[in-house]
Amino acid sequence: MPTTSPVRRVPGRLTAPEPGWTTSADVVVIGSGIAGLTAALRLKDALGPGEKVLVVTKDVLSAGSTRWAQGGIAAALGPEDTPEQHERDTLVAGAGGCDLEAVRALVTEGPEAVHELIGLGAQFDLDPQGELSLTREGGHHRDRIAHAGGDATGAEIQRALVAAVERAPEIEVVQHALAVDLLLAADGGVAGLTLHVMGEGQRDGVGAVRCRAVVLASGGLGQVFSQTTNPAVSTGDGMALALRAGATLRDLEFVQFHPTVMYLGPDSVGQQPLISEAVRGEGAVLVGPDGDRFMQGVHPLADLAPRDVVAKAIMRRMLETGLPHMWLDATRIGGDEPTASFWERRFPTILAVCRSHGVDPVTDPIPVAPACHYASGGVRTDVWGRSDVPGLYATGEAACSGVHGANRLASNSLLEGLVFSRRIATVLPGELRPWAEPVPDRRTAGLVAAGVRRQVQEVMTSRVGVLRTAAGLDEATARLDALVATPSDTVDVAAWETTNLLTISAALADAATRREETRGSHWREDHPERDDADWAGHLDVVMRDGVGSVEFRPEPASDALVAAGATTSGGTS
């Protein structure tokens, strides 16, 4: 098979006014979720005297995806659990696409990272004995999900991290700031970045930040699709910025669609209510129109199968019945505790959201359908967060560390942000680049009209969503190519975001077209089987001045050791 294929031309950089102000910091962290704030706090302590950390966030510090995380954070914290067992579950869920070294780092360093978060002030739920209350989610064979506030884990973690940053005057924060593009030095490495600050005073409008390193923790790409669990800020800005600067994006085709997102009707778009996997962990079951438990016999874990398995099963039932959703029946959860009081104690946030949309989950099944949830791919990094652009590091959902493979294991995302941000802070201070002058930017500037955003989302949802075919992907590519040629008459945040969405959509569609198999969260109806002989490995997208290519890099399937009964640490689980 050919190793590369051409992609259309998209803007090589975003059209933007010349910077009207300038500042500097040794390290700039883009993003203020668990990955970004952990990196900033760790770097504050690791950098030398006088070396400065600047955090840039698109909204306020407390916004972003972390605060919406319901289920919890996974780590081998229980007395009967081990990192080896967590590793095994991660590799199985990843469907052969994981990086073994990255998974090993995640599961072995995870427990310490969680305890460090607790030491920082995060208050997790405890059992009657005063120990961490642990539950189970899809794909896990042990109770290893630590949670807070019942179903408000992300909000509690975000609260604790924001409070810690606010106690650290050494960390400067710029809110309401969109990272536009990197400024590059003569060697192609980081010399700074341009920002657009939506505020007043000295830092209003486009400015330049000179720096020696950038840590990209800007989150995912959920707004590429019409329905997503991601907040409005998740427009793939960081991934697009990195791609334009010469970084490699890996595994973009592996977009996880959460199987149980509350169905609000055919006209509902944007962020949708997530019904946490933890609800199924407490005994809720998926049912069809006749009350049939259709996950029985599909997978040994039934309703707690990995997310790709559950999402596909729901989609199959939807196709068979012609219905736009299935149902999640949680009317009998709680064991000996009355269902109503259990819901109020364990899932107060989800309960309130369901009732606000006219469904009482205590008495009625919840209508659910898959929706875009998480990007397993992103900026390709090594196990220390380094990208292939000197001075650019990436962590969290913006990165592809190799942990998730073709399908993220439930509640591994918060842990990834913790572990790999700590790793970046370990190596970055010793690798700080000298201050460098930005060279003239020869990349071709451009901007796509903000008005095409809905069209981008519609074609991605209908042709590059849960179900993919060659014909649908070809149609998506043609429609995206046509939308690229819709220039913007204005230079503003809406046009920048739309251009980023279109850039990432085109790259994702190209990767999905190339991978002619079904693996993990990538489902090709015209190639329904996993094919390790031809497709064990990764698809890497690179771009040079708006012209991209996709390259396949073969690697042995990482779950082979699991099939053989061994893990990377040499033990069994």
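For T395, the side-chain contact (heavy atoms from CB on, under 4.5 Å) test picks out A35, V215, A217, F420, S421, I424, with sequence neighbours left out. Remark: H258 pairs with H373 by the ring-ring contact (aromatic ring centres under 6.0 Å, His included) rule, at least two apart or across chains. Evaluation of the salt bridge (charged side-chain N to carboxylate O under 4.0 Å, His left out) rule for D532 yields R519, R530 as partners, not counting sequence neighbours. The side-chain contact (heavy atoms from CB on, under 4.5 Å) search around A410 returns E137, H140, E277, R307, not counting sequence neighbours. A search for side-chain contact (heavy atoms from CB on, under 4.5 Å) contacts involving S268 returns L264, Q272, not counting sequence neighbours. With sequence neighbours excluded, no residue forms a salt bridge (charged side-chain N to carboxylate O under 4.0 Å, His left out) with E166. The side-chain contact (heavy atoms from CB on, under 4.5 Å) search around A470 returns R524, D526, not counting sequence neighbours. Remark: R553 engages D540, E551 in a salt bridge (charged side-chain N to carboxylate O under 4.0 Å, His left out) (not counting sequence neighbours). Residues that satisfy the side-chain hydrogen bond (donor to acceptor under 3.5 Å, both in side chains) test with T426, not counting sequence neighbours, are absent from this structure.
Within a 6.0 Å sphere centred on CD of E112, heavy atoms belonging to other residues, nucleotides or ligands number 12 at most.
Minimum heavy-atom separation, V379 to S387: CG1-CB, 3.9 Å.
The salt bridge (Lys or Arg N to Asp or Glu O under 4.0 Å) analysis of residues 207-226, with sequence neighbours excluded, yields the pairs D26-R212, E51-R212, R210-E437. Applying the salt bridge (Lys or Arg N to Asp or Glu O under 4.0 Å) rule to pairs touching residues 33-49 yields R42-E116, sequence neighbours excluded. Within the structure, every pair that satisfies the salt bridge (Lys or Arg N to Asp or Glu O under 4.0 Å) test and touches residues 424-436, not counting sequence neighbours, is listed here: D187-R433, R386-E431.
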Worksheet entry | Audit row: Y393, T381, side-chain contact (heavy atoms from CB on, under 4.5 Å) steps and yes/no | CA-CA 7 Å; Y393 302 75; T381 69; over 6 Å; no

